Each structure stands twice: as C-alpha cells, then as structure tokens.
Protein chains: 2
Amino acid sequence: MKKDHIIFLIGRIQYKANRFLSQEMKAHGIKGLAPSHGEILGYLMARGPLPMSGIGRIIAKDKSTITALVNKLIRIGYVEKKSDPADSRISLIALTRKGMALKPSFLLIAQKLRAHSYKGVSDDERETLVNLLNKINANL
Amino acid sequence: MKKDHIIFLIGRIQYKANRFLSQEMKAHGIKGLAPSHGEILGYLMARGPLPMSGIGRIIAKDKSTITALVNKLIRIGYVEKKSDPADSRISLIALTRKGMALKPSFLLIAQKLRAHSYKGVSDDERETLVNLLNKINANL
DNA sequence: TGTTAATAGTTTGACATCAAACTCTATTGC
DNA sequence: GCAATAGAGTTTGATGTCAAACTATTAACA
C-alpha cells in the first residue's frame with residue numbers, strides 16, 4: 001500500500017467515480033452517455049458555448065476524441081454546432097434546449113458525488129487537496 | 001477554475017501522466033504498451049505473481065479488461081499464466097525473464113514521474129495528499 | 001450430499017480514446 | 001501581397017475499456 005504512486009491511486013478513484021456517474025445518469029433517465037459526455041455538458045452549462053479546442057483544453061482529451069464525443073451529443077440533440085463569425089475555423093458548441101433541460105439533474109448528481117467522496121473530509125482539507133492537485137496538474 | 005470538481009481535475013492529471021508514461025516507455029525501447037500494461041508489470045515486480053482477480057482489484061479495471069491486458073502481455077512475452085494448484089479457477093500471472101528485465105527501466109520511469117509531478121511539493125504535503133486521496137478512494 | 005450460491009475468468013459487442021495524417025483557414029514575416 | 005507556419009477540426013485505424021452473458025470451479029448449507 002505504501003509505495004503506491006499517486007497516479008495509480010488517482011486511477012482507482014476515477015474508475016469508481018465513473019461508475020458512480022454512469023449509474024446516476026442512468027437513474028436520472030439520461031441514457032447512453034459516458035461520464036465524458038456529462039463533463040462536456042457540465043462545462044457548457046457553467047460557461048456557455050465553447051469551441052472544440054476549448055472543450056479539449058478543459059477536459060484534457062485528444063481533439064479527435066472531442067470530435068467523437070461532441071458528434072454523439074449532437075446526434076442525441078443535447079448540443080449544436082455553430083460557426084464562429086470571426087474565425088471560420090472555429091466551431092462553437094452550444095447547449096440546445098434539450099441539453100439545458102438536463103441542468104437540474106446534473107447539479108444533483110454533482111452534489112451527490114461530492115457528498116460521497118468528501119465524507120469525513122473537512123473544508124480545509126478539501127481546499128488543501130485541490131491546491132495540491134492543481135500544483136501537480138501544473139507540473140505535468 | 002474554482003468550482004471544478006476534484007474528479008475532473010484528477011482526469012486531467014491522469015491524461016498528462018499517461019502521455020508521460022507512454023512517451024517514457026517508448027524512450028526506453030518498451031514498445032506497444034499502454035500505461036495500464038506498465039501498471040500491471042509494475043505491481044508484478046513489486047509483489048510477485050498475482051491472480052487475475054488480484055490484478056483487477058489493484059488497478060481498478062473491469063475483469064474483462066484485465067483479461068485483454070494480460071493476454072497482450074503474454075503475447076509479447078512479458079508474463080506467463082500458471083494455474084493455481086489449490087484452486088483450478090485461478091490463474092496466477094507471473095513475470096517471465098523478459099518481463100523481469102524491464103524492472104530497471106520501470107524504476108527509472110516511476111522515479112522520473114514522481115520527480116516531475118511532485119516538483120515544489122514538500123514531503124509533508126505529499127503525505128497529506130496521499131492520505132486524503134486514500135480517504136476519498138475508500139469513500140467511493 | 002446434492003442443490004444453490006458465490007467466485008474466477010473468458011467471450012462478445014459496443015464504444016471511448018488516442019495518434020497520425022489530412023483539410024481548411026488564419027496569421028506571420030519578408 | 002505571398003509564401004510559410006501555426007491553429008482548428010475531421011478522418012481513419014488501432015486499441016483500451018466496459019457491461020452483460022457465459023463457462024467452469026469452489027464454497028455454503030440444509
């Protein structure tokens with residue numbers, strides 16, 4: 001247990017969190033979506049329309065992965081693609097009405113995940129944790 | 001930046017760490033392996049032969065994923081499968097000589113990853129971080 | 001002791017993910 | 001202005017990953 005590298009510990013956490021999120025989405029009637037899709041939708045809810053590159057930067061996946069994920073969200077009808085009037089290379093991804101309708105469920109799910117994962121962790125510890133992870137994220 | 005859930009922060013770290021690991025393995029002449037394969041090999045180096053189920057528990061992936069990962073390691077010749085004399089359901093996975101030969105490279109890579117990711121993080125902070133992540137891991 | 005339930009792995013099919021090569025547009029520098 | 005370079009996305013092919021259904025073996029238990 002002792003010499004486990006933090007990266008692998010992180011992997012285990014992510015595995016469990018993904019299972020949790022998939023399960024919760026299904027329970028809320030959101031079918032056929034992976035956690036990555038939910039992550040994209042969540043950021044669009046918080047920040048408004050984003051270019052593909054912006055989504056890629058935020059969720060840290062290859063740009064070809066973003067293309068595939070967004071295509072699925074378009075197919076299902078949760079987002080739409082608009083062209084940026086200032087730069088025709090850019091596609092802006094925006095929530096549709098159907099996509100926005102998911103917001104209440106998403107807030108509940110995020111809160112539930114937070115409640116679960118942070119059980120027994122104080123606010124100070126939470127802050128410490130986020131700061132340290134941010135530092136490591138910046139290092140890599 | 002503020003309201004980013006820790007899970008997504010973790011995802012970004014993992015993405016970068018995986019790129020780092022793939023790159024380093026390639027630089028050490030270890031070709032065709034994903035970080036997950038490396039993780040399995042690393043645990044076998046540290047703990048000796050393990051059953052499939054044990055590997056799955058440690059690296060936190062679905063058992064069918066373990067089957068696929070181990071099959072690849074067998075095909076390449078890094079590990080071999082032995083049957084447990086006490087329980088014929090169990091397959092024990094052990095490093096071959098070729099697999100053991102990777103150990104020096106793996107130690108170097110792990111150390112390099114640690115040095116990179118923990119730059120500017122004190123030993124105390126490191127311990128705090130691991131403790132908090134372990135708590136969250138246990139919560140999920 | 002025989003039926004039931006649990007455990008270890010595999011198979012199959014679907015899909016997320018990545019890397020590399022490619023297209024198209026914008027920017028930069030001379 | 002024009003060529004070269006960088007940036008935004010897509011396509012393609014390969015592969016890691018998961019979930020569900022399945023086989024085989026062991027354990028539980030009545």
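Chain A is the first sequence line, chain B the second, and so forth, proteins listed ahead of strands; every chain is numbered from 1. Just so it is clear, the model here is predicted, and its values are computed rather than measured.
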Contact check, side chains of B:Thr128 and A:Leu129, non-hydrogen atoms, under 4.5 Å: no
Single-linkage hydrophobic cluster B:Leu108~B:Phe106, side-chain heavy atoms < 4.5 angstrom: no
Any pair counted as side chain to side chain donor-acceptor pair (under 3.5 Å), so long as it reaches residues 84-95 of chain B, sequence neighbours left out: B:Asp87-B:Arg89
Net bend of the helix from C:dT1-D:dA30 to C:dC30-D:dG1, end axes of five pairs each, nearest 10 degrees: 30°
Reference residue B:His5; test side chain to side chain contact (heavy atoms under 4.5 Å, CB included); the match among A:Gln111, A:Glu39, A:Arg114: A:Arg114
Approximate separation, where rounding is to 0.5 Å, of A:Ser122 OG and A:Arg126 CZ: 9.5 Å
Nucleotides 14-19 of chain D: protein proximity per nucleotide (B base, S sugar-phosphate only, - neither; heavy atom, under 4.0 Å): --SBBB
A:Arg89 or A:Thr67, whichever maps to the more 5' nucleotide of DNA chain D: A:Arg89
Side-chain donor-acceptor pairs under 3.5 Å in residues 55-68 of chain B, sequence neighbours left out?
residue : atom : partner : partner atom : Å
B:Asp62 : OD2  : B:Ser64 : N            : 2.9
B:Asp62 : OD2  : B:Ser64 : OG           : 2.6
B:Thr67 : OG1  : B:Lys63 : O            : 3.3

Closest heavy-atom pair and its distance - A:Gly120, B:Lys135: O-NZ, 3.1 Å
Which residue lies more 5' along DNA chain D, comparing A:Asp87 with A:Asn71 via nearest heavy atoms: A:Asp87
Boundaries of the chain B footprint along DNA chain C (any atom under 4.0 Å from a heavy atom): C:dA6 to C:dA19
Members sharing A:Leu92's hydrophobic cluster (side chains within less than 4.5 Å): A:Ile90
Flag if over 12 foreign heavy atoms under 6.0 Å of NZ, A:Lys98: yes
Hydrophobic cluster membership, A:Leu107 vs A:Met100, 4.5 Å side-chain cutoff: no
